[in-house]
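We name chains A, B, ... by the order of the sequence lines, and we start the count at 1 in each one. Basis for what follows: all heavy atoms, side chains included, without hydrogens, waters or symmetry-related copies.
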Amino acid sequence: MNSVPRNWRLRQQRYRLVGEICESCGVRIFPPRDVCPECETMEQKEVAFSGRGEVYSYSTVYHPPRGFEEFAPYTVALVRLEEGPLVTAQLTDLDSEQVKIGMSVEMVTRRMQSGGEEGPIVYGYKFRPAIQPAAA
Amino acid sequence: MREVAVIGVGQTEVGEHWGVSLRHLALEAVQAAMADAGVVRADALYVGNMLSGELEGQEHLGALVADFAGLRGVEAFKIEAACGSGAAAVRMGYVAVAGGLADLVIVVGVEKMTDTLGPDTTAALAMAADADYEAAHGASFVTLNALVMRRYMHQYGYGHQDFAPFAVNAHQNALANPYAMFRFPVSSEKFRRARMISDPINLLDSSPICDGAAAVVLAPLGETRHQSMATVGIAASAVGTDTLAVHDRNDPLVLAGAELSSQRAYNAAGVRPADIDLFELHDAFTIMAALSLEAAGFADRGRGLALAADGEIGIEGRIPVTTMGGLKARGHPVGATGVYQIVEVVQQLRGLAGENQVPNARVGMAQNIGGSGATVITHILERI
Ligand SMILES: [Zn+2]
């Protein structure tokens with residue numbers, strides 16, 4: 001399931017956090033979904049999100065699914081992006097005890113999966129504590 | 001539309017059945033339900049199952065189970081809606097009988113989860129979530145619920161220990177259920193000290209990985225009366241959906257699909273939450289029990305835990321839940337769970353729930369949830 005084309009199709013989201021703005025109602029959408037969840041039109045324009053946001057919730061994983069054993073324990077968070085949407089991603093560059101709801105984080109590109117013997121190494125977004133505080 | 005009755009129920013003990021295959025688990029439940037109904041044939045067989053392809057390398061369960069259950073030739077297929085597969089299959093059986101397309105339908109939910117190693121089972125269960133945007137980031141199904149639970153605690157000011165009553169109640173009720181996986185009590189103290197899975201969710205917040213099968217026989221109400229037992233009719237069968245991903249919900253702390261599903265069921269049955277005598281809810285995790293109570297209208301938002309803390313969820317309480325142990329202690333063989341819930345409501349409405357009998361139970365509700373809230377199937381059953 002961890003195929004090259006499957007990961008390649010998501011490159012704009014994984015590396016640049018490309019989502020959408022609905023030109024009909026103005027809502028910001030991530031992940032992109034073509035049909036607006038607010039107004040059901042298809043008037044979307046692609047836009048790269050800033051990658052800044054804050055922790056909405058988090059959990060440290062002690063029993064990882066197959067493919068993620070090497071990272072355990074690791075912390076998964078729901079991050080509220082400054083544009084509005086929530087995104088599910090791992091936190092990185094910090095100890096799990098340091099995580100707090102509301103802390104400012106920013107997107108970085110990191111290894112998400114090693115792919116084992118034959119699979120692709122997968123890169124994508126994770127979030128680390130913000131070095132610059134989120135723009136006001 | 002015709003009215004539909006549940007004329008037979010059957011179940012296997014939930015547990016780790018290393019000596020029994022998926023098809024034989026299904027057979028045992030089907031035969032028990034057919035014997036209970038006193039029927040030897042059927043027009044159709046619907047199989048609720050989530051993970052047979054991923055964990056057993058076996059799809060195409062409809063024809064397989066029909067053949068091995070002695071029903072070769074009948075209409076048969078598998079129905080999948082993640083952890084809601086069982087009730088989804090019951091829903092399809094209801095549709096067939098209510099619509100006049102079949103007079104006798106057998107529905108079996110079956111799951112075999114103990115043949116694989118933990119990380120593989122964990123990865124398979126995560127298929128209920130968004131593969132590209134949740135599972136790909138290492139979020140297990142437990143983790144997604146943990147994210148909701150931590151935010152709920154933060155927003156409403158609860159501690160982890162406040163969730164204990166759901167686990168304590170489920171284990172207490174499982175003690176007298178011979179089909180339950182965990183027939184031992186759990187104390188509040190034991191709950192506090194349990195091993196962490198994905199914080200704040202620990203082992204005793206979570207339902208177990210296990211094997212099991214349960215079955216019901218459906219027929220038009222009135223045409224087929226059980227010889228010796230109270231007749232149980234399906235007063236409502238309703239489905240609501242929501243986003244697959246937790247991050248896409250309007251509010252992660254609200255099960256909007258469960259609100260829709262519950263409301264549709266209440267409207268169809270012409271009842272209100274106050275009319276429900278017992279509620280078999282989907283306590284895959286303690287947080288889901290709290291959110292289900294809120295979505296179904298038994299508690300205001302953020303108040304599901306208060307209901308449990310006040311002792312209102314016990315057998316003698318205002319709204320008894322998980323009366324035979326629930327997902328937590330009876331066990332959660334995912335695609336079978338929704339059918340177990342219906343079987344247990346029927347036991348209660350027939351007055352055959354033994355030590356766990358809810359006094360004067362006349363109207364019971366079962367709610368089965370696929371994923372972290374994306375498919376929600378509600379059935380309201382009534383003693384006629
Ligand atoms: Zn729009």
Side-chain angles (χ1 to χ4, degrees), chain A residues 1-2 6-7 9-10 13-14 17 19 29-33 37-38 53 55-81 84-92 96-97 99-102 110-113 122-127, chain B residues 54-55 116-155 195-203 205-206 209 242-253 256 285 287 372:
Chain A
M1 283 185 293
N2 191 12
R6 181 168 193 172
N7 287 296
R9 284 196 297 272
L10 292 167
Q13 284 70 47
R14 291 270 174 83
L17 222 54
I29 304 165
F30 188 90
R33 47 168 63 222
E38 296 294 327
V55 173
Y56 173 88
S57 191
Y58 63 94
S59 174
T60 301
V61 183
Y62 297 95
H63 295 258
R66 179 71 74 210
F68 294 90
E69 295 95 331
E70 64 179 299
F71 301 103
Y74 54 89
T75 301
V76 173
L78 284 170
V79 173
R80 177 72 75 190
L81 299 173
L86 282 173
V87 60
T88 303
Q90 284 184 31
L91 299 183
T92 187
S96 59
E97 301 82 59
V99 187
K100 296 242 177 333
I101 287 178
R110 291 291 158 84
R111 185 163 48 90
M112 291 168 58
Q113 275 196 280
V122 180
Y123 291 91
Y125 52 81
K126 293 188 182 181
F127 287 78
Chain B
E54 191 70 10
L55 298 183
T116 41
L117 297 173
D120 294 313
T121 316
T122 302
L125 285 166
M127 297 193 309
D130 186 320
D132 287 345
Y133 290 99
E134 291 184 318
H137 294 272
S140 70
F141 195 61
V142 188
T143 302
L144 294 170
N145 284 278
L147 293 170
V148 174
M149 185 163 167
R150 184 179 312 273
R151 184 69 194 191
Y152 185 96
M153 291 161 64
H154 172 82
Q155 197 143 319
R195 181 161 55 88
M196 197 56 77
I197 307 288
S198 187
D199 69 333
I201 289 183
N202 74 22
L203 194 64
D205 286 296
S206 318
I209 284 165
D242 194 6
T243 65
L244 224 62
V246 171
H247 58 234
D248 284 331
R249 286 188 204 160
N250 282 342
D251 182 345
L253 302 188
F285 304 97
I287 178 65
S372 41

> Do Gln13(A) and Asp132(B) have side chains that get closer than 4.5 Å, going by heavy atoms?
Replying inline: no
> Quick one: are the ring centres of Phe30(A) and His247(B) less than 6.0 Å apart?
Replying inline: no
> Can you check whether Leu86(A) reaches Pro252(B) side chain to side chain, under 4.5 Å on heavy atoms?
Replying inline: yes
> Which atom pair, heavy atoms only, marks the closest approach of Ala123(B) to Arg66(A)?
Replying inline: CB-N, 3.9 Å
> For the atom pair CG (Leu203(B)) and NE2 (His63(A)), what is the distance rounded to the nearest 0.5 Å?
Replying inline: 7.5 Å
> Under 4.5 Å between any side-chain heavy atoms of Leu125(B) and Pro65(A), yes or no?
Replying inline: no
>> Need one label for Arg9(A): side chain, backbone, both or neither, based on atoms under 4.5 Å from any heavy atom in chain B.
In response: neither
> If you tally heavy-atom pairs under 4.5 Å against chain A, which of Pro119(B), Ala135(B), Ala146(B) wins?
Replying inline: Pro119(B)
> Which atoms of Leu117(B) come close to chain A, meaning under 4.5 Å heavy atom to heavy atom: side chain ones, backbone ones, both, or neither?
Replying inline: side chain
> Atom CZ in Arg150(B), atom CG in Leu78(A): separation rounded to 0.5 Å?
Replying inline: 11.5 Å
> Between Leu10(A) and Tyr133(B), what is the shortest heavy-atom contact and its length?
Replying inline: CD2-OH, 3.3 Å
> Any chance CG of Asp251(B) has more than 12 other-residue heavy atoms, nucleotides or ligands included, within less than 6.0 Å?
Replying inline: yes
> For the atom pair OG1 (Thr122(B)) and CZ (Phe68(A)), what is the distance rounded to the nearest 0.5 Å?
Replying inline: 12.0 Å
> Most heavy-atom pairs under 4.5 angstrom with chain A, which of Ala131(B), Ala136(B), Ser140(B)?
Replying inline: Ala136(B)
>> Does any backbone or side-chain atom of Arg80(A) lie under 4.5 Å from a heavy atom of chain B? Answer side chain, backbone, both or neither.
In response: neither
>> Using a 4.5 angstrom heavy-atom cutoff, name the option from Val87(A), Val122(A), Val76(A) with the most pairs to chain B.
In response: Val76(A)
>> At a 4.5 Å cut-off on heavy atoms, which part of Arg195(B) comes close to chain A: side chain, backbone, both, or neither?
In response: side chain
>> I need the Ile197(B) CD1 to Thr60(A) OG1 distance, nearest 0.5 Å.
In response: 13.5 Å
>> Determine whether Ser198(B) and Ser59(A) satisfy the following criterion, side-chain hydrogen bond (donor to acceptor under 3.5 Å, both in side chains), listing intermediate values before the conclusion.
In response: CA-CA 6 Å; Ser198(B) 187; Ser59(A) 174; 2.7 Å; yes
> Are the side chain of Arg151(B) and the backbone of Tyr56(A) linked by a donor-acceptor contact shorter than 3.5 Å?
Replying inline: yes
>> For Leu147(B) versus Ala77(A), what's the shortest heavy-atom pair and its separation?
In response: CD2-CA, 4.0 Å
> Which distance, rounded to the nearest 0.5 Å, do you find between the NE2 of His137(B) and the CZ of Arg14(A)?
Replying inline: 5.5 Å
> What are the two closest heavy atoms between Thr88(A) and Ala139(B), and how far apart are they?
Replying inline: CG2-CB, 4.3 Å
> Contact part of Ala245(B) toward chain A, heavy-atom cut-off under 4.5 Å: side chain, backbone, both or neither?
Replying inline: neither
